[in-house]
Amino acid sequence: MEHLLKVENINVYYGAIHAIKDVSFHVDAGEVVTLIGANGAGKSTTLQTISGLLRSRSGGIEFNGESIGRLPPHRIVERGLAQVPEGRRIFLQMSVQENLEMGAFTRRGGVSEEELERVFEQFPRLKERRRQIAGTLSGGEQQMLAIGRALMSRPQLLMLDEPSMGLAPILVEQIFEIIGKLHRSGTTILLVEQNAQMALSVADRAYVMETGRIGLSGTGRELAESDLVKKAYLGG
Amino acid sequence: MEFLSYLIIGVSLGSVYAIIALGYTMVYGIAKMLNFAHGDVIMVGGYISLLSMTSLGLPWWAGVLLAILVCTVLGVVIEGLAYKPLRASPSLAVLITAIGVSYFLQNAAQLLWGASPMSYTPIVSGSLPVGGLSISYISLVTIVMCVVIMTALTLFTEKTRMGKAMRACSEDKGAAQLMGINVNRTISLTFAIGSALAAIAGVLLCSFNTSLMPTTGSMPGIKAFTAAVFGGIGSIPGALLGGVLLGIIESLAKAYISTQLANSIVFAVLIVTLLVRPAGLLGKYVPEKV
Ligand SMILES: Nc1ncnc2c1ncn2[C@@H]1O[C@H](COP(=O)(O)OP(=O)(O)O)[C@@H](O)[C@H]1O
Ligand SMILES: [Mg+2]
C-alpha cells in the first residue's frame, strides 16, 4: 500500500547548522504515529519542513503520492495537511470564531454553521466562548482552539507539535483523550511529543529522534517497553 | 467663531493625514516595516491626476481613478522589487531600502516633471456658508472621504475573508501560512490598498495646497507617519485619531502660537505622548498566555 506521508532522506539546515540529518519515516492512513525525542532533537524542524515553512536540501517528501517538497506552505495545506504548531500560535487578537474561520481559509466557500458545530461538539468550551478574544482564553482552551482550528481545514493528516507543552496534568489527559477520539473517528495523526509515555500510549507506531537523526522505531508498545527508551525518556 | 473655523481646517487637514497614516499603519501591521516611500507615492498620485487633467484632458474623476490605478500598481511593484527580497533581512536593511525608494521616486519625478512647482487645480472649489462661517467644499469632501475610507476598511478587515487573513498575517505570519494563507499575496494586497489610499490623499492634499512638486509628499508623509505612531501604529482607529488630532494641533498652533513653530509643536506633542504611552494612544499590548 502507498503511504499517506513519506519522508525520505531529508536534510535541513539553519545556516551552517545541520539540524536534520537523513531523516526518513512514513505515516499510513488511519494511523497515529509519534515522533518523540529530547528538546532540540529536531522534531519541530521536521514538521516545519513537511509543512513547507523550511526546505530540505535533499531527499523528498510525498503526500498522497505527490511530491510536496517544493510547494509553498499554503499549497500544502490545500492538499490536506494541517499542523498545530508548537506553542499553539493561535491568533491572540482575533475571536475564537475568527480563529476557526482562519483554519478553514483554504475552503473558499466560507464557513457554515454546521462546520463550526462539528468542532464545537468536540470542544464545547469553545462554543461558549466563540465571541471571546482568543488571547483571553486559558492555556488549555488555547490548545483546544489550536487543534479545532487545524481541524477546520478537514485535513487528511493532522500534525501536532507538543500539544501537551505547558499544560497541567489534568489538561494533558484531556488533550490525549481528544487525540484518541480523533484517531477512533479515522483521523490520521503525526504527533510530536516530549511526553514520551503519553505519546507512546496512544500511538500505533513511533520514531525516536536524537540530535537530528531517527534512531529507534517500532510500535508504540515495543518502544514503551524498550530499555533504551525507558532509560532515556520514561525516567526508568 | 474664528476658533471653529481653525478647528474645521484642522479636522480636514487631519483627515488627509489620517488617510496617509492608514497606509503606513496597514503596511507596518503586516510587513513590520516603515515604508518611507509612502509619502512619495502621494506625490506620484498628485502628478498623475494633474497631468491626466491638463495633458490628457480627462475629467477630474477620471484623473483621480487613473491616479489610484497607477499608484496601486506602483505600490505593488515597489513591494515586489525592493522589499520582498529583503523579507528575511534585518529591519535596518529594509528601512534604508525604503529611504532609497523614496529618493528614487522624488528624483524620477524631478526628471519627468521638473523640479519647479506646478499649479494644481483643486478637484472642487468654492465654499459653503454656515452661519458666520464658510467651510470650503474641499474640506467637506476630505472629511467625508476620510469617514468613508475608515468605514470601508474597518468593514473589510473585520468582516471579509481576505481582511481577516490580513489580520492573521499581521499577528503571526508562520501560523497564517499554516492556515493556508498566501502571505506574499496578502502583503501585496496591503501595499495595493495603502497605495490606492495614497493616491486619494495626493489628490486631496494637492487640492488644499493648489500646487505640486517632487518633494510635496515628503513632509505630509512624515507627519502622517507621526500620526500613525501617535495613534498607535498598526491600529486603524489609531490612524484616524492620530491623524485628526495632529491636524487640529497643527492648525491651532499655526493660528494661535506661531506658523514657524507649528511643526515643532506637533512633534513635541508626539514625543510627550510616547513618553507617557509608548504604544501610542490606541496601541495595544496583548499579554501572552503560557
Ligand atoms: N531558527 C533557528 N535557528 C537556528 N537554529 C535553530 C532554529 N530553530 C531550531 N534550531 C536548532 O535546531 C535544532 C532542532 O530544533 P527543533 O527542531 O526545534 O527541536 P525540537 O522540536 O525537537 O525541540 C536545535 O539544535 C535547535 O537549536
Ligand atoms: Mg520543538
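Keep in mind that the numbers below use all heavy atoms, side chains included, and drop hydrogens, waters and symmetry copies. Within every chain, numbering begins at 1; the chains are lettered A, B, ... in the order of the sequence lines, protein sequences first and strands thereafter. As the structure is a computational prediction, the values presented were derived from the model and not from experiment.
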Under the side-chain hydrogen bond (donor to acceptor under 3.5 Å, both in side chains) test, which residues partner A:E31, sequence neighbours left out?
->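 Testing A:E31 for side-chain hydrogen bond (donor to acceptor under 3.5 Å, both in side chains), a comparison that skips the adjacent residues, returns A:R205.
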Could you pull out all residues at least two apart from A:E177 that satisfy side-chain hydrogen bond (donor to acceptor under 3.5 Å, both in side chains)?
->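 If we apply the side-chain hydrogen bond (donor to acceptor under 3.5 Å, both in side chains) test to A:E177, skipping adjacent residues, there are no hits.
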Salt-bridged, B:K164 to B:E158, with N to O below 4.0 Å?
->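 A salt bridge is absent here (no side-chain N lies under 4.0 Å from a carboxylate O).
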Identify whether the distance between the nearest side-chain nitrogen and carboxylate oxygen of A:R108 and A:E78 falls below 4.0 Å.
->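 Looking at A:E78 together with A:R108, the answer is yes, because their closest N to O distance falls below 4.0 Å.
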Measure distances from A:I76 to the heavy atoms of chain B and classify the residue's part below 4.5 Å as side chain, backbone, both or neither.
->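 For A:I76, neither part sits under 4.5 Å from chain B.
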With a 4.5 angstrom heavy-atom cut-off, which part of A:E98 approaches chain B: side chain, backbone, both or neither?
->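 It is the side chain, since no backbone atom gets that close.
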Where does B:E171 contact chain A at under 4.5 Å (heavy atoms): side chain, backbone, both or neither?
->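 For B:E171, side-chain heavy atoms alone lie under 4.5 Å from chain A.
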Close approach to chain B in residues 99-107 of chain A, criterion heavy atom under 4.5 Å =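 Residues A:E101, A:M102, A:G103, A:F105, A:T106 are the ones that qualify, each having a heavy atom under 4.5 Å from chain B.
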Which residues share a ring-ring contact (aromatic ring centres under 6.0 Å, His included) with B:Y83, sequence neighbours left out |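 ring-ring contact (aromatic ring centres under 6.0 Å, His included) list for B:Y83, sorted by chain: B:F191.
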Please report the closest heavy-atom contact between B:R167 and A:Q93, naming both atoms and the distance.
->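 Between these two residues, the closest heavy atoms are NH2-O, 4.4 Å.
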Donor-acceptor pair, A:E193 side chain versus A:N195 backbone, under 3.5 Å?
->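 Yes; at least one donor-acceptor contact below 3.5 Å.
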